[in-house]
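Take a look at the structure set out below.
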Amino acid sequence: MYQVRFYKGDYQWRQKQANQDKCAAYVEHHFNSSPSIQSDYSVVITGYNASELSKNWGKSYALRISREFGAPLGGKSGLLIGGYNGRGNGNLKYTYMPAILLEPLFASNPIQAEWIRSAEGQDKLAKILADSIIEFFPDGSLIGFSVGHKYKTSRPSDRGAPLNGGGVEADYAEIVMEKAKSVLEKFSPSAVPVTPVVPTMPTNDIRVIKDGKELWVHTDIDEDDELIWDPENRVLYISGQST
Ligand SMILES: [Zn+2]
């Protein structure tokens with residue numbers, strides 16, 4: 001019920017493509033960086049023009065990160081509107097749908113950089129992102145993803161900040177987003193058990209039941225009718241001309 005599409009090109013172009021596709025929500029993924037290796041807070045950026053929904057979604061994501069990774073909340077309750085002195089605003093302001101820019105952990109922090117490089121840390125980040133989308137956009141539909149820095153037409157070699165100990169921001173943001181895409185596209189609300197349909201009295205009806213749910217029923221059957229299931233062609237023959 002979710003479909004995730006990655007948008008590439010310059011940031012404004014990505015947002016306009018997502019508008020055209022009528023995405024239900026838009027996420028750009030970064031990792032933060034600071035000259036101080038101690039910086040360790042979790043923050044989400046929204047545009048200056050962001051809706052309340054974007055802000056609440058961003059706060060909720062930042063809070064989940066803070067709890068799961070034991071990182072303090074940055075900004076105001078985890079939110080930095082407009083980004084750092086306006087940096088980040090242009091990454092989101094052209095979107096028509098709720099949009100957030102994630103800065104969950106610091107690439108410059110040695111402990112957090114290890115988390116970012118580990119499959120376990122990536123899975124955790126991906127699940128938190130997917131869960132926040134499922135919570136705020138329960139009706140599913142198309143979600144737009146943008147990997148920060150990577151795939152820009154204007155600066156194709158940009159990969160963002162280096163990770164302390166090796167690697168670069170954008171490559172890990174992409175890994176996390178790919179994992180989140182896979183979680184979202186596998187998600188099914190019907191994984192909730194369905195009450196099985198069981199006939200209360202013996203009848204001559206013929207039913208087709210899939211995973212406990214009745215798909216088709218035929219009631220005009222006599223107990224003398226002959227039923228022949230052809231397993232090869234998967235056809236059930238009903239013959240009332242008993243001989
Ligand atoms: Zn970045």
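Not measured: the values here are computed from a predicted model.
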We want to know whether [X] and [Y] form a side-chain donor-acceptor pair, criterion being a heavy-atom distance below 3.5 angstrom.
| X | Y | value |
| --- | --- | --- |
| Y7 | D21 | yes |
| K55 | S51 | no |
| S132 | W57 | yes |

Within-4.5 Å side-chain heavy-atom neighbours: [X] and [Y]:
| X | Y | result |
| --- | --- | --- |
| F106 | I111 | no |
| L63 | R67 | yes |
| V27 | L129 | yes |
| N109 | N164 | no |
| R159 | D171 | yes |
| R87 | Y84 | yes |
| Q122 | Y172 | yes |
| K59 | V44 | no |

Do [X] and [Y] belong to the same hydrophobic cluster, where Ile, Leu, Val, Met, Phe, Trp and Tyr are linked whenever their side-chain heavy atoms lie under 4.5 Å apart, directly or via other members?
| X | Y | answer |
| --- | --- | --- |
| F136 | V4 | yes |
| Y151 | I175 | no |
| V176 | Y26 | no |
| L142 | M1 | no |
| L105 | I45 | no |

* Given side chain to side chain contact (heavy atoms under 4.5 Å, CB included), test R117 with L163 step by step and report yes or no. => CA-CA 9 Å; R117 268 189 300 268; L163 258 69; 3.8 Å; yes

* Inspect the surroundings of NZ in K127 and state if more than 12 heavy atoms from other residues, nucleotides or ligands are less than 6.0 Å away. => no

* **CG/N85: more than 12 non-hydrogen atoms of other groups inside 6.0 Å** =>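 Counting neighbours around CG of N85, 12 or fewer heavy atoms of other residues, nucleotides or ligands fall under 6.0 Å, so no.
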
Using 0.5 Å steps for rounding, measure from the [atom1] atom of [X] to the [atom2] atom of [Y].
| X | Y | atom1 | atom2 | answer |
| --- | --- | --- | --- | --- |
| Y11 | Q15 | OH | CD | 10.0 Å |
| F6 | Q17 | CZ | CD | 16.0 Å |
| M177 | K181 | CE | NZ | 11.0 Å |
| T46 | N56 | OG1 | CG | 10.5 Å |
| D123 | K179 | CG | NZ | 3.5 Å |
| E68 | D131 | CD | CG | 9.0 Å |

* Evaluate the criterion side chain to side chain contact (heavy atoms under 4.5 Å, CB included) for residue pair S60 and E135; output intermediate values, then yes/no. => CA-CA 10 Å; S60 163; E135 185 192 339; 3.9 Å; yes

For [X] and [Y], work out which heavy atoms get closest and say how close.
| X | Y | answer |
| --- | --- | --- |
| A71 | D40 | CB-O, 3.2 Å |
| Y2 | I133 | OH-O, 3.8 Å |
| N89 | Y48 | OD1-N, 2.9 Å |
| G74 | Y41 | CA-CD1, 3.5 Å |
| A130 | V183 | CB-CG1, 3.6 Å |
| S146 | R14 | OG-NH1, 2.8 Å |

* When you look at L227 and Y237, which way does the side chain to side chain contact (heavy atoms under 4.5 Å, CB included) test go after all the steps? -> CA-CA 6 Å; L227 305 179; Y237 294 95; over 6 Å; no

Flag, side chain of [X] to backbone of [Y], donor-acceptor distance under 3.5 Å:
| X | Y | value |
| --- | --- | --- |
| R5 | A18 | no |
| S108 | S34 | yes |
| D158 | K150 | no |
| E169 | A107 | no |
| D225 | D222 | yes |

* **Partner set under side chain to side chain donor-acceptor pair (under 3.5 Å) for S154, not counting sequence neighbours** => D10

Which atom pairs, one a donor and one an acceptor, fall under 3.5 Å between side chains of residues 90-104 and the rest of the protein, sequence neighbours left out?
| from | atom 1 | to | atom 2 | distance (Å) |
| --- | --- | --- | --- | --- |
| N91 | ND2 | E28 | OE2 | 2.6 |
| T95 | OG1 | L92 | O | 2.7 |
| T95 | OG1 | M97 | O | 3.4 |
| E103 | OE1 | N32 | N | 3.1 |

* Should the ring pair W115 and F69 be called parallel, tilted or perpendicular, given that the plane angle runs from 0 to 90° and is split at 30 and 60? ->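 It falls in the tilted class, 30° to 60°.
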
* **Salt-bridge present (E120, K124; N to O < 4.0 Å)** => no

* Considering residues at least two apart in sequence or located in another chain, which fulfil the side-chain contact (heavy atoms from CB on, under 4.5 Å) criterion with S66? ->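 Applying side-chain contact (heavy atoms from CB on, under 4.5 Å) to S66 gives L73.
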
* Asked: Passes side chain to side chain contact (heavy atoms under 4.5 Å, CB included), I238 versus I206? Steps please.
  -> CA-CA 10 Å; I238 305 167; I206 294 179; 3.6 Å; yes

